[in-house]
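See structure below.
Counting convention: from 1, in listed order, for ligands and their atoms alike. Note: hydrogens, waters and symmetry copies are ignored here, and every other heavy atom, side chains too, is used. What you are looking at is a predicted structure, and each value in this text was computed from that prediction instead of being measured.
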Amino acid sequence: MAEPLIAPSILSADFARLGAEIAAVAQAGTARADWVHVDVMDAHFVPNLTLGLPVVQSLLKVADIPLDCHLMIEDPDRWAIGYAEAGAYNVTVHAEAAKDPVKLAKDLRAAGAKAGLSIKPGTPLEPWLDALKHYDTLLVMSVEPGFGGQSFIADVLEKVRTARRLVDTGQLKLVVEIDGGINADTIEQAAEAGVDCFVAGSAVYGADDPGQAVAALRAQAARHRAG
Ligand SMILES: O=C(CO)[C@H](O)[C@H](O)COP(=O)(O)O
Ligand SMILES: [Fe+2]
């Protein structure tokens, strides 16, 4: 299996210095993150409000690293395409909010982005397996979406194991990503279950040295990868 991917979430970064906070995990070397995770929340699909397309467009001008946009919004069928057209590397929409997930994935890919589908902790994987054939990433939420710094919900690892099996047997071709409560205490069980990409917000931006936290999490995940 390829090296684990680490995607720091800027939800826990200083919003007054987002460019510098991204640069802190984009230095060359082992401290460089693979993607930077951007949590877009609209105060409707989730109770919290963060940032939207104008901020992402500005970040894309200064960020020297792929942006992984996690859209926790109502009506992604209407709004997600803007993030792809702006140049986001991966655009993830929620299965619970998408009206036509297959068309959405095709549109995101046609606009040049990778397409991601996310499921909340209580959402089963099975109903989405056909749609996932059109997606590049599956984002398994391991906290209820809306806030950083919550505790990891280990029950979701069963969905990760199923997705890993389907990828390893060639039935799906996507990156298995996990989001919520990932830190030095939880990353090993997620790695053992078969996660490819680990989102970490508070564990990276709450650390004294965010780059060092990226390197440490990646090394820890690599030692515990499945397969
Ligand atoms: O999507 C999210 C919350 O809805 C965040 O990406 C996630 O919670 C990251 O923060 P932490 O690692 O602190 O849990
Ligand atoms: Fe997220």
**Item:** Per-atom contacts of ligand 1 with D39, taking only distances under 4.0 Å to non-hydrogen atoms
**Value:** 1 (O), 2 (C), 5 (C), 6 (O)
**Item:** Distance filter under 4.0 Å to A200 heavy atoms, resulting ligand 1 atoms
**Value:** 12 (O)
**Asked** Any non-hydrogen atom of G149 lying under 4.0 Å from ligand 1?
**Response** yes
**Message:** Please list, in number order, the atoms of ligand 1 under 4.0 Å from a heavy atom of P145.
**Reply:** 4 (O)
**Message:** I'd like to know if F147 and F45 are part of one continuous hydrophobic network [Ile/Leu/Val/Met/Phe/Trp/Tyr, side-chain heavy atoms within less than 4.5 Å].
**Reply:** no
**Item:** H37 side chain to D39 side chain, donor-acceptor N/O pair below 3.5 angstrom
**Value:** yes
**Item:** Which atom of L59 lies closest to which atom of L67, heavy atoms considered
**Value:** CB-CD1, 4.1 Å
**Request:** Compute whether any side-chain donor of one residue and acceptor of the other, for T92 and N90, lie under 3.5 angstrom apart.
**Result:** yes
**Closest non-hydrogen atom pair, V176 against A163** = CG2-CB, 4.1 Å
**Request:** Considering only non-hydrogen protein atoms, determine which one is nearest to atom 7 (C) of ligand 1 and report residue, atom name and distance to 0.1 Å.
**Result:** D179 OD1, 3.1 Å
**Request:** Taking only heavy atoms of G148 into account, list the atoms of ligand 1 that are under 4.0 Å away from them.
**Result:** 8 (O), 10 (O), 13 (O)
**Prompt:** Is there a path from V195 to V175 through hydrophobic residues (I, L, V, M, F, W, Y) whose side chains come within less than 4.5 Å of each other?
**Reply:** no
**Item:** Contact check, side chains of Y83 and L53, non-hydrogen atoms, under 4.5 Å
**Value:** yes
**Prompt:** By number and element, which atoms of ligand 1 are closer than 4.0 Å to a non-hydrogen atom of H37?
**Reply:** 6 (O)
**Prompt:** Considering only protein heavy atoms, which is closest to atom 14 (O) of ligand 1, and at what distance to one decimal place?
**Reply:** G181 N, 2.9 Å
**Asked** What's the shortest distance from atom 3 (C) of ligand 1 to any protein heavy atom, and which residue and atom give it?
**Response** F147 O, 3.6 Å
**Atom name of the N, O or S atom in H70 that lies nearest to the Fe ion (ligand 2)** = ND1
**atom 12 (O) of ligand 1 [closest protein heavy-atom partner, distance rounded to 0.1 Å]** = G201 N, 2.8 Å
**Request:** Answer with yes or no whether the hydrophobic clustering places I182 together with I119; edges join I, L, V, M, F, W, Y residues whose side-chain heavy atoms lie under 4.5 Å apart.
**Result:** yes
**Prompt:** Relative to ligand 1, is S202 under 4.0 angstrom through side chain, backbone, both or neither, heavy atoms considered?
**Reply:** both
**Complete:** Restricting D179 to its N/O/S atoms, the closest one to the Fe ion (ligand 2) is OD2
**Request:** May I ask you to check whether over 12 heavy atoms, not counting those of K114, lie within 6.0 Å of atom NZ?
**Result:** no
**Message:** Which atom name would you report as the N, O or S atom of D39 nearest the Fe ion (ligand 2)?
**Reply:** OD1
**Message:** Using a 4.0 Å cutoff against the non-hydrogen atoms of G180, which atoms of ligand 1 qualify?
**Reply:** 14 (O)
**Request:** Can you see which heavy atom on S118 is nearest to which on M141, and at what distance?
**Result:** OG-CG, 3.5 Å
**Message:** To check your reading of the model: name the closest protein heavy atom to atom 4 (O) of ligand 1, its residue, and the distance in Å.
**Reply:** G146 N, 2.8 Å
**Fill in**
For H70, the atoms of ligand 1 under 4.0 Å from one of its heavy atoms are 1 (O)
**Item:** Test side chain to side chain contact (heavy atoms under 4.5 Å, CB included) applied to V38 and T50, step by step
**Value:** CA-CA 10 Å; V38 181; T50 54; over 6 Å; no
